[in-house]
Amino acid sequence: MTNNNLFSVDQLTIKFGGLTAVDRVSFRVEPGSIFSIIGPNGAGKTTIFNCINGLYKPDAGSIIFKGEDIVGQKPHRIARKGIARTFQNIELFSRMTTMENLMLGRHIHMKTNVWTGATFFRRGSKAAQDEIKHRERVEKIIDLLDLQSARNQFVGGLPYGTQKLIELGRALALEPELLLLDEPSAGMNSEEKQDLVFWIKDIQDELGLTILLIEHDMKMVMDISDLILVINFGKPITEGKPEEVQRHPEVLKAYLGEDEVIDQSA
Amino acid sequence: MDMKRDYYEDIQLLNSKILWFWFIMLIASLATLPFLLPNYHIYMVNYMAINVIVTVGLNILVGYTGQISLGHAGFFAIGAYGTVLLMTNLHFPFLLALVCSALIAAFFGFILGLPALRLEGPYLAIATLGFGMAITQVIGRWQVFGGRMGLEAPDLSLGPFVIDTDRQLYFVIVTIAFLLILAARNMMKTRVGRAFIAIRDSDIAAETMGVNLTLYKTLAFAVSAFYAGVAGGLMAFLLGFINPSSFNFILSIYFLAFVIVGGLGSIFGSIMGAVVMTWLLLTLDKVQELPYLGAVLVSFSERWMNLAGLPNIASIIFGLIIILLVVFEPLGLYGFWIRTKIYWKTWPF
Ligand SMILES: Nc1ncnc2c1ncn2[C@@H]1O[C@H](COP(=O)(O)OP(=O)(O)OP(=O)(O)O)[C@@H](O)[C@H]1O
Ligand SMILES: [Mg+2]
């Protein structure tokens, strides 16, 4: 196994009853790159993510992260190894504030347990020190994503675009090496989308993150991806650089009828 | 960029002079209260404080972690019997016996939490209900536990202090309740509490962010059971005598009612819920002594109900109050409190 193999998926397959949602999908992601998965609705994109972070157990295939097959491991273990994600349908902790959501992102790095947490009583106490230290990291992310005004608000009532950003922030708080973004721009207006593209590039540059992206906005995908994998009905159709994928006849065919997508990619 | 904030302030209990003032006032009034109240009321306050402990603990499980338990009377019983037995048979000092039996309760909580990983909603409710009833059955049949006859609480002393009046007991119970409330509040402000709340709001997101669901769900049960255990241990001394019927499953339902009436996911709400509902329960027990209303109810009971009439009225009123509260203020008493606070904008918070 070569050193620069951060993440690869091999012959990944998962069935739900009679439906093969993901069918022998293989790909490899170069460290520090942005790798996108595109395909029509129901193609199996989200299902691939769910297999990667352990929410689903694939029927066959392997998922190698840093030289280790992570198939069959529990989601919290996989998170600890350095994979974080956002969700297509926002999964925030709605009755927590933005800050608390991001602090939860620090969970695996923090040390407070029931006893130290329950008994802290001054600034020097272990749990208080733990909070202060990780709060500093969280504040950096809040600054990075311009979330200051939402800091102490319950996230449930915030606008959709802001919630998407908070999810991104929460994932970043985990300090992952691999970041999975499931349709991060869905529901955002074009201005927010521009900011998002900027942030994703920024994050990738500054933090040296490797990003796996699912996205329906073709302009954005073509703009920021290093490589793109196209799937349909769970099967891989083609993989390549944005220019190559764009011209692929089967891609055009698979996207036929999705006017919006064609418009934007034209 | 706004000015650099002091992050400790956000989790600090008393982060302003005004709060210090109220905190000291609170301690001062708690310290003088037993000297102002007649004996029966001290007994009632003790009862309230014990219920506050259970309610805060149960809220950690139900309100904060989003699980359910209809078996908390079981943990309460384990605490009560454990403390009494450790003291009479093994001659443990009181505090050690109390902590040990609360830990035993926590251990049972942990065990009960394991099936809870696979069960949700009504299934979990039934499993915990079964647990609570099983505990009462075991206690009722086993000779060590005194069987149906029950056990008498041993003499209580803390170091050189002998504690044999309700007023003395007040200081023990209220101090412990006070510390446990602070502990719960601290826990919820830091990592473990956040993980609990995260599980409640989205268990999928919580586990993909690295929260070990198995560990934290069982932990919530254990912590919650610990609180019930401590409360049970104290209850043994307040009642002076315990038998299985003190811990039947209706008690579990009451505990849950305290949590819901007080407000899910609010410690302050739990305190209010337990205090108000305990007052109500103890008052309704003596409903015939109420001025005017008592006489009316007695005559109603004599005219329309059988011999067991009057206590039934108590349950009916209790039930009605729960229904009305939940219908009109789903956030419970805590919801009322929030609205009052908003109304009185000048309140120093
Ligand atoms: N837990 C499940 N049980 C049964 N079927 C499932 C499950 N999860 C996904 N599927 C099915 O697998 C297929 C792929 O779904 P998936 O959510 O991965 O699509 P997607 O590519 O993310 O689509 P979209 O663009 O709409 O988000 C769909 O037909 C879906 O109904
Ligand atoms: Mg999807």
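Computed from a predicted model, the values in this text were never measured in an experiment. Chain letters run A, B, ... following the sequence lines, proteins first and then strands; every chain starts at 1. Side-chain atoms are counted along with the backbone in the values below, which use heavy atoms only and exclude waters and symmetry mates.
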*Looking at B/Leu213, B/Thr214, B/Asn212, which hits side-chain contact (heavy atoms from CB on, under 4.5 Å) with A/Lys74?*
B/Thr214

*Positions in residues 161-170 of chain A that reach chain B, provided some heavy atom is under 4.5 Å away*: A/Arg170

*Does B/Tyr216 have its ring centroid less than 6.0 Å away from the ring centroid of A/His107?*
yes

*asked:* Counting heavy-atom pairs under 4.5 Å with chain A, which one of B/Gly193, B/Ala198, B/Ala184 comes out on top?
replied: B/Ala198

*Answer with side chain, backbone, both or neither: which region of B/Leu219 has an atom nearer than 4.5 Å to a non-hydrogen atom of chain A?*
side chain

*Would the number of heavy atoms belonging to other residues, nucleotides or ligands and lying under 6.0 Å from CZ of B/Phe92 be above 12?*
yes

*What's the spacing between A/Leu104 CG and B/Ile197 CD1 if we round to 0.5 Å?*
9.0 Å

*Taking atom CZ of A/Phe16 as the centre, report whether more than 12 heavy atoms of other residues, nucleotides or ligands fall under 6.0 Å from it.*
yes

*side-chain contact (heavy atoms from CB on, under 4.5 Å) between A/His76 and B/Leu215, intermediate numbers included*: CA-CA 11 Å; A/His76 73 267; B/Leu215 180 67; over 6 Å; no

_Interface residues of residues 112-133 of chain A facing chain B - non-hydrogen atoms under 4.5 Å apart_ = A/Thr112, A/Asn113, A/Val114, A/Gly117, A/Ala118, A/Thr119, A/Phe120, A/Phe121, A/Arg122, A/Arg123, A/Ala127, A/Ala128, A/Glu131, A/Ile132

*asked:* I need the residue from A/Pro176, A/Gly156, A/Ala173, A/Ala79 with the largest number of non-hydrogen atom pairs under 4.5 Å to chain B.
replied: A/Ala79

*Over 12 non-hydrogen atoms of neighbours within 6.0 angstrom of CZ in B/Phe108*: no

*Residues two or more places apart in sequence or in another chain: which of them pass side-chain hydrogen bond (donor to acceptor under 3.5 Å, both in side chains) with A/Arg106?*
A/His134, A/Glu175

*Might you confirm whether atom CD of A/Glu191 has over 12 heavy atoms from other residues, nucleotides or ligands at distances under 6.0 Å?*
no

*Counting only heavy atoms closer than 4.5 Å, note whether B/Ile11 contacts chain A via side chain, backbone, both or neither.*
both

*Can you check whether anything in residues 199-211 of chain B gets within less than 4.5 Å of chain A, heavy-atom wise, and list it by number?*
B/Arg200, B/Asp201, B/Ser202, B/Ile204, B/Ala205, B/Ala206, B/Glu207, B/Thr208, B/Met209, B/Gly210, B/Val211

*Report, as yes or no, whether the 6.0 Å neighbourhood of atom CZ on A/Arg77 holds more than 12 heavy atoms from other residues, nucleotides or ligands.*
no

*State whether the number of non-hydrogen atoms from other residues, nucleotides or ligands found under 6.0 Å of B/Phe171 atom CZ is greater than 12.*
yes

